[in-house]
Engineer: 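Below is one structure. I have some questions about it.
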Amino acid sequence: MNTTQSTWRFAIVVTVLLLAGTGIATAHEAKCPYCELEVVQDTPEQDNETAIEYGKKRIEYRCVFCALSDAEKSYTGDLTVLAPSEIKGKPVLIVRTGGAWSAPDSTVFVGKKVKHRHCQTGYRAFTTKAAFERHVSENKAILKDAKPITLDEMVKIAKADIGKKK
Amino acid sequence: MKRVSLVCCLALGAAFPPPCFGQAEMHSRMAAVAHPESLPPLPNSLPNWLYGRKKNHIFYKRGPYNFDLYNIDRLARDMNAVAVGHAMAYEALVTGKADSLETQIFERIHWVLEHPPRLMPDEASISPTFGRTYGVLEEVFDWTHILHAQTMDVLASTDLSDSEKDQEIEALWRYYTESVPYAITPLPMSMVFLDGQPYSMAFRDKYPKVNGLFWGYHWLQGAVYDGLYVKSLRQQKMVYDVLGDRYHATELYRTDRPFMPMFAEVSPRFSLKFPHIANAFDNLHMLHDMVNDILASDWIPTAEKERQILRAIWLVSAEAHRGEEPGQSRGDDGMHDHRHMLGMPAMGMMKFATEEIMYMDKMGWMSMADCHHCSMPLPEGADAWKAPTVSAEGWTMRARCPLCARDMAAETRGRAIFHIPTEDAFKPLVVISDDQGNLTTDRPDAVFLEQEGGHETCQKWSSAFSSRAAFDAHVAARPEFKNARPVPFQEWADLRGKKPNTYVKPEGPEGNPYDKHDEDTDEDEVDE
């Protein structure tokens, strides 16, 4: 490709960015390292991106289940999982210190076994049980009669998934 | 989704053309029942050398650099083990031992990989039956393996300067193409065509573990070039500490690759400088896959296997494509489709790709002409060397600026290697990230210009310099940076840039073509 083509391509990129406005993603969007599906991006109303903070690294995941499974499989040492909650901009911080997991006391999870294409709905963290119930009622087709589970239970099912075919 | 795709099309400078040429044919072939009548015939009037039965023992071009790969002893030994593994597998395939490939043979190969030989073995002594049966094929393999070994020796030499290495690599290429007729074409080939034969995928489906080893070898044979290219011996050893660990821990044992590792996916800098060599290596690796698939296809009679192997050699031979040019395509069967990805003349047309974007393992849809972190165009032509690269999780990507490379690595699991050019093309900065993102370098006196702004101009406001003096000279010549201060390495290593304002997610014409999740039926969409 010659310089003229490159200049044109550059001009088109800039023009499209200016014209397209808010519809364009503004973040580098990676694939989930655990389930290898796209990471569902945050929307103005709801956070969806889960992340692991490990030292200076921040790795994005598709759901809290993927992050917890990969934390057990691929990382040693202390880390923090930032799980999107029902409150925009306020993730639930799930911390692993010395191998022990902890999260704020009122945290509950939905942990319904689903295909990974639905994992961002089937596995989520909530700051209250009421928020959990709202999520279940809004996603009845997938979650049906899901019951709230604790962090310990969530970690247990995440660990059990390691090594299984996705 | 559609809107983003359209934006991406426009951003990439063109609406999507139809999916890669020959794709529909490939799918229909793969769906067809395997039957000897479905095999393509041998072309008419093949050259006599293809039918040769005499042994032509050919050896290295003379040079003071020969065997300098042993300067990096661990790498040299790993390469020796690759040769043993290939030969053991081929011998098993032609001596009726294919049934033990995934068990006893795999274990034997694995042992060799864990205990690599000190010196390069003579493959003919490990696979004598294979050599007697497919003599010309072995000559073709050997000849390109010699080019491979000698180019690595040149890169590992401590006697040649970087510019002398470039010249010697071109001299080796001439030696390769002019000495004997066994050269592989330097043109980009359509992988859609080569991997769309009636027998394609047979070996991969039948022997996934051994195929994983083969593709692991090919990963190493490709990745090592950027690991060696324009680096001091000390830097090469730093890099191989990371690459070698990755090779032994992960790459050898992967059975989930959607396609064989392509040279430009793992060594984009070398591929841009020497696209003819990168293409020849990819085409050789594809020939390996085609031969594996033919030998693993029980439905092909033995005599027909020999004919199909001759045809496969012909398809990728330099002679079959003489006079053709990169970027051109003629005919309608795909054999002479030499188009390549925009921004990467060493990447032929891939399955499901357009010339603008392709699907890359672990990265998804991507453009080889744009930075994967900020989506802005990468430098090209004489400026191509100015793009940093970041290697992590098995891939190597070019980035537009040091900040893009650093932040891309910070968003990726595991250790990473950065190659960051400075003001001097031959004085790059090699940076290693540990798995927690802590950075170290062999040039701690390096300084950075980082005056973060929009990524439309990130190649200007983010740069690395080999010394404070070089930084001062750069800034003095550019009034827009008159207030910039030199950022020391450790401070730079702790920075984190904002999310690029220019990022546009590439979307392909067919979603994720290799996504196994899409094979689920509606009935099992939600598991109880």
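Predicted model only: the values in this text are computed from it and were never measured. In what follows, chains carry the letters A, B, and so on, assigned in the order in which the sequence lines appear, proteins first and then strands, with residues in each chain numbered from 1.
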Engineer: Within this structure, what is the CG-NZ distance for the pair B:Asp435 and A:Lys56, rounded to the nearest 0.5 Å?
Structural biologist: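 Going from the CG atom of B:Asp435 to the NZ atom of A:Lys56 covers 12.5 Å.
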Engineer: Rounded to the nearest 0.5 Å, what separation is found between the NZ atom of A:Lys57 and the CG atom of B:Asn438?
Structural biologist: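 Output value for this atom pair is 9.5 Å.
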Engineer: Quick check: does any side chain N or O of B:Lys362 sit under 3.5 Å from a backbone N or O of A:Glu36, one acting as donor and the other as acceptor?
Structural biologist: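 Between the backbone of A:Glu36 and the side chain of B:Lys362 there is no qualifying donor-acceptor contact (under 3.5 Å).
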Engineer: Which ring-ring contact (aromatic ring centres under 6.0 Å, His included) pairs, counting each pair once, include a residue from residues 383-405 of chain B, with sequence neighbours left out?
Structural biologist: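 Those involving residues 383-405 of chain B do not exist here.
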Engineer: Look at B:Gly414, B:Pro345, B:Gly327 and state which one has the largest set of heavy-atom pairs under 4.5 Å with chain A.
Structural biologist: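 Between B:Gly414, B:Pro345, B:Gly327, the count favours B:Gly414.
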Engineer: Please name all residues satisfying ring-ring contact (aromatic ring centres under 6.0 Å, His included) with A:Tyr123, sequence neighbours left out, ordered by chain then number.
Structural biologist: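 ring-ring contact (aromatic ring centres under 6.0 Å, His included) check on A:Tyr123 returns A:Phe65.
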Engineer: Which of residues 71-95 of chain A have a heavy atom under 4.5 Å from any heavy atom of chain B?
Structural biologist: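 Expected list: A:Ser74, A:Tyr75.
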Engineer: Are side-chain heavy atoms of B:Lys505 and A:Gln41 found at a separation under 4.5 Å?
Structural biologist: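 They are not in contact (no side-chain heavy atoms under 4.5 Å apart), so the answer is no.
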Engineer: Would the number of heavy atoms belonging to other residues, nucleotides or ligands and lying under 6.0 Å from NZ of B:Lys209 be above 12?
Structural biologist: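 Yes, the 6.0 Å shell around NZ holds more than 12 heavy atoms from other groups.
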Engineer: For B:Phe448, enumerate each residue passing the ring-ring contact (aromatic ring centres under 6.0 Å, His included) test, keeping only those at least two apart in sequence or located in another chain.
Structural biologist: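 For B:Phe448, the residues satisfying ring-ring contact (aromatic ring centres under 6.0 Å, His included) (neighbours in sequence not counted) are B:Trp492.
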Engineer: About how many Å separate OH of A:Tyr61 and CZ of B:Arg413, when rounded to the nearest 0.5 Å?
Structural biologist: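 Rounded to the nearest 0.5 Å, the CZ-OH separation comes out at 5.0 Å.
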Engineer: At a heavy-atom separation under 4.5 Å, does B:Asp383 approach chain A through its side chain, its backbone, both, or neither?
Structural biologist: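 It is neither, since no heavy atom gets under 4.5 Å.
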